Participant: 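Got a structure for you, questions after.
Counting begins at 1 with the first residue of the sequence. The model shown is predicted, which means the values in this text are computed figures rather than measured ones.
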Amino acid sequence: MSLTPPRFQSMNAVIEAECPVCSSQMIAPTAIPACGHKFCFTCLKGVCMNGMGCPMCRGPIDPSIFSLPSQVLDLKMDVPLSPVVVQDKCKFLLKSPFKKHEKRSISDKPIEKRDTSPSETPAPSALNLDASLLDDNLPEEKMYWLYRGKNQGWWRFDPRHERDIDKAYNNDEDHCEVTICGRTYVIDFNGQCQYPKGVPTQRREVKRVSSADFDTMGVKGLAGVFVPTS
């Protein structure tokens with residue numbers, strides 16, 4: 001199979017969009033100054049907090065990049081899929097059941113689907129697909145999970161952690177555990193708080209809000225990354 005220029009571009013888009021640590025589309029992409037390799041902010045911070053170097057080249061990580069980070073992000077972004085999964089889904093979604101210039105009435109028999117040529121499949125970054133477009137079991141209303149910062153108002157959880165938290169909440173569990181930056185945290189639904197596992201005295205308030213309430217909360221950022229709103 002030959003690799004045409006569009007195919008090369010598609011492959012490069014997949015590689016550049018995926019975090020080598022979590023194998024998902026990067027959230028708050030953060031580059032290591034010394035080598036330029038990029039990762040999700042929380043993934044890279046977890047690596048650094050565990051005393052390790054760059055996951056790609058083992059080069060040094062300057063911890064100052066985690067001090068007051070700021071990025072332009074969509075505060076209401078959905079959970080991104082792995083770029084490889086998105087590309088496979090794109091190929092499926094772009095298959096057309098109709099031939100060109102052909103209309104189908106209710107009484108017509110199904111028409112064989114036409115496969116889209118790989119070279120015609122847009123890169124995942126061009127389609128900007130996320131998990132919400134491909135999940136048939138989404139709740140009617142999107143809910144968000146926020147945690148209170150030490151001195152800086154409300155912050156949104158990483159959408160992937162938020163998904164796991166809300167799943168446990170909807171399953172009527174009393175609590176759940178999530179790993180954030182390499183450390184396990186307990187989300188206590190009854191107490192409406194989070195704390196490092198084994199250290200319940202270090203509590204922070206958490207809140208589950210609707211999209212409308214989210215807009216009134218003055219949310220500061222996403223997963224520890226400040227997001228300027230103006």
Side-chain angles (χ1 to χ4, degrees), residues 19 21-22 24-32 38-50 61-81 128 130-132 138-139 141-170 173-230:
C19 172
V21 175
C22 66
S24 295
Q25 182 177 326
M26 281 185 274
I27 292 179
T30 302
I32 299 176
K38 289 185 178 181
F39 309 86
C40 296
F41 176 80
T42 54
C43 291
L44 185 57
K45 186 175 181 179
V47 169
C48 184
M49 289 177 65
N50 281 280
I61 301 175
D62 181 358
S64 67
I65 62 177
F66 307 113
S67 177
L68 302 176
S70 176
Q71 293 189 30
V72 178
L73 302 169
D74 178 7
L75 277 174
K76 288 187 172 182
M77 70 168 63
D78 286 300
V79 180
L81 290 172
N128 196 27
D130 54 58
S132 67
L138 287 174
E141 181 181 12
K142 169 68 177 175
M143 303 298 290
Y144 300 87
W145 282 90
L146 309 177
Y147 63 91
R148 188 182 289 279
K150 293 181 179 180
N151 301 302
Q152 302 181 49
W154 292 99
W155 296 69
R156 184 186 170 193
F157 281 92
D158 181 304
R160 291 167 296 209
H161 296 143
E162 180 181 73
R163 173 195 57 197
D164 296 338
I165 294 169
D166 209 49
K167 181 179 180 180
Y169 177 87
N170 288 323
E173 298 179 21
D174 293 331
H175 71 279
C176 72
E177 296 182 2
V178 293
T179 301
I180 303 174
C181 296
R183 191 174 187 183
T184 301
Y185 288 83
V186 176
I187 311 297
D188 182 348
F189 299 128
N190 293 328
Q192 297 184 7
C193 65
Q194 76 163 31
Y195 54 86
K197 187 175 182 179
V199 194
T201 56
Q202 297 182 10
R203 294 172 175 256
R204 290 193 186 186
E205 185 180 357
V206 299
K207 187 184 292 286
R208 185 176 187 261
V209 301
S210 66
S211 179
D213 290 335
F214 186 100
D215 294 335
T216 67
M217 300 289 292
V219 178
K220 300 293 184 180
L222 177 72
V225 178
F226 177 73
V227 178
T229 56
S230 59

Participant: How far apart are the closest heavy atoms of Ile61 and Pro63, and which atoms are they?
Facilitator: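 Distance-wise, the nearest heavy atoms are O-CD, 3.1 Å.
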Participant: Could you please spell out the steps behind the side-chain contact (heavy atoms from CB on, under 4.5 Å) verdict for Thr42 and Ile27?
Facilitator: CA-CA 8 Å; Thr42 54; Ile27 292 179; over 6 Å; no
Participant: At what distance, to the nearest 0.5 angstrom, does OG of Ser210 lie from CG of Asp215?
Facilitator: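 That separation rounds to 8.5 Å.
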Participant: For the residue pair Arg204 and Cys193, establish whether any side-chain heavy-atom pair is separated by less than 4.5 Å.
Facilitator: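 No. Closest side-chain heavy atoms not under 4.5 Å.
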Participant: Using the side-chain contact (heavy atoms from CB on, under 4.5 Å) rule, take Cys19 and Gln25 through it: C-alpha gap first, then chi angles, then the decisive distance, then the call.
Facilitator: CA-CA 6 Å; Cys19 172; Gln25 182 177 326; over 6 Å; no
Participant: Would Met143 and Asn170 count as a side-chain contact (heavy atoms from CB on, under 4.5 Å) if you check the C-alpha gap in whole Å, the side-chain angles of each, and the deciding distance to 0.1 Å?
Facilitator: CA-CA 11 Å; Met143 303 298 290; Asn170 288 323; over 6 Å; no
Participant: In terms of heavy-atom contacts, does OH of Tyr195 have more than 12 from other residues, nucleotides or ligands at under 6.0 Å?
Facilitator: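 Yes, because the 6.0 Å sphere around OH of Tyr195 holds more than 12 heavy atoms from other groups.
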Participant: Given side chains that start at C-beta, do those of Val178 and Ile165 come closer than 4.5 Å, heavy atoms only?
Facilitator: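 Sidechains of Ile165 and Val178: in contact.
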Participant: Check Arg208, Arg156, Lys207 against Glu162 for a salt bridge (Lys or Arg N to Asp or Glu O under 4.0 Å) and give me the one that passes.
Facilitator: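 The residue from Arg208, Arg156, Lys207 that satisfies salt bridge (Lys or Arg N to Asp or Glu O under 4.0 Å) with Glu162 turns out to be Arg156.
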Participant: Establish, yes or no, whether a centroid distance under 6.0 Å links the rings of Phe157 and Tyr144.
Facilitator: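 Here the rings of Tyr144 and Phe157 have centres that are no less than 6.0 Å from each other.
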Participant: Are the side chains of Tyr147 and Ile187 in contact, using a 4.5 Å heavy-atom criterion?
Facilitator: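 Not touching, per the 4.5 Å side-chain cut-off.
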Participant: Rounded to the nearest 0.5 Å, what separates atom CZ in Arg160 from atom SG in Cys40?
Facilitator: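 Arg160 CZ to Cys40 SG: 4.0 Å, rounded to 0.5 Å.
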Participant: Taking all non-hydrogen atoms of both residues, which atom of Val219 and which atom of Leu75 are closest, and how far apart?
Facilitator: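 That would be O-CD1, 3.8 Å.
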Participant: Kindly give the heavy-atom pair with the smallest separation between Ile65 and Phe41, and that separation in Å.
Facilitator: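 Looking at all heavy atoms of both residues, the shortest contact is O-CE1, 4.2 Å.
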Participant: I need the minimum non-hydrogen distance between Pro159 and Val79, along with the two atoms involved.
Facilitator: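 Smallest heavy-atom distance, with atoms named: O-CG2, 3.3 Å.
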Participant: What distance do Lys220 atom NZ and Ser70 atom OG have between them, rounded to the nearest 0.5 Å?
Facilitator: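 Atom-to-atom, Lys220:NZ and Ser70:OG are 12.5 Å apart.
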Participant: Keeping Thr30 on the side-chain end and Ala28 on the backbone end, is there a donor-acceptor pair under 3.5 Å?
Facilitator: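 At least one qualifying donor-acceptor pair exists.
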Participant: Quick one, Lys38 and Met26 - any side-chain contact, counting heavy atoms below 4.5 Å?
Facilitator: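 Result yes, sub-4.5 Å side-chain heavy-atom pair found.
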Participant: Is the closest side-chain heavy-atom distance between Gln71 and Leu222 below 4.5 Å?
Facilitator: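 Result no, sub-4.5 Å side-chain heavy-atom pair not found.
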Participant: With a 6.0 Å cut-off (strictly less than), is the heavy-atom count around CD of Glu177, excluding the residue itself, greater than 12?
Facilitator: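 Enclosed: over 12 neighbouring heavy atoms sit under 6.0 Å from CD of Glu177.
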Participant: Quick one: list whatever passes side-chain contact (heavy atoms from CB on, under 4.5 Å) with Lys167, sequence neighbours left out.
Facilitator: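 Partners of Lys167 under the side-chain contact (heavy atoms from CB on, under 4.5 Å) test: Asn171.
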Participant: In terms of ring plane angle, is the pair Trp145 and Phe189 parallel, tilted or perpendicular, where the classes change at 30° and 60°?
Facilitator: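 Trp145 vs Phe189 ring planes: tilted.
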Participant: Kindly indicate whether the side chain of Lys45, heavy atoms from C-beta on, has any atom under 4.5 Å from the side chain of Cys181.
Facilitator: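 Yes - at least one pair of side-chain heavy atoms lies under 4.5 Å apart.
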Participant: Looking only at heavy atoms, which two atoms of Gly46 and Asn50 are closest? And how far apart?
Facilitator: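 Minimum heavy-atom contact is O-ND2, 2.7 Å.
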Participant: For Leu146 and Trp154, work out which heavy atoms get closest and say how close.
Facilitator: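 For Leu146 versus Trp154, the nearest heavy atoms are CB-CE3, 3.7 Å.
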Participant: Could you tell me whether the side chain of Lys142 and the main chain of Ser211 form a donor-acceptor pair under 3.5 Å?
Facilitator: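 Side chain of Lys142 to backbone of Ser211, a donor-acceptor pair under 3.5 Å: no, none is there.
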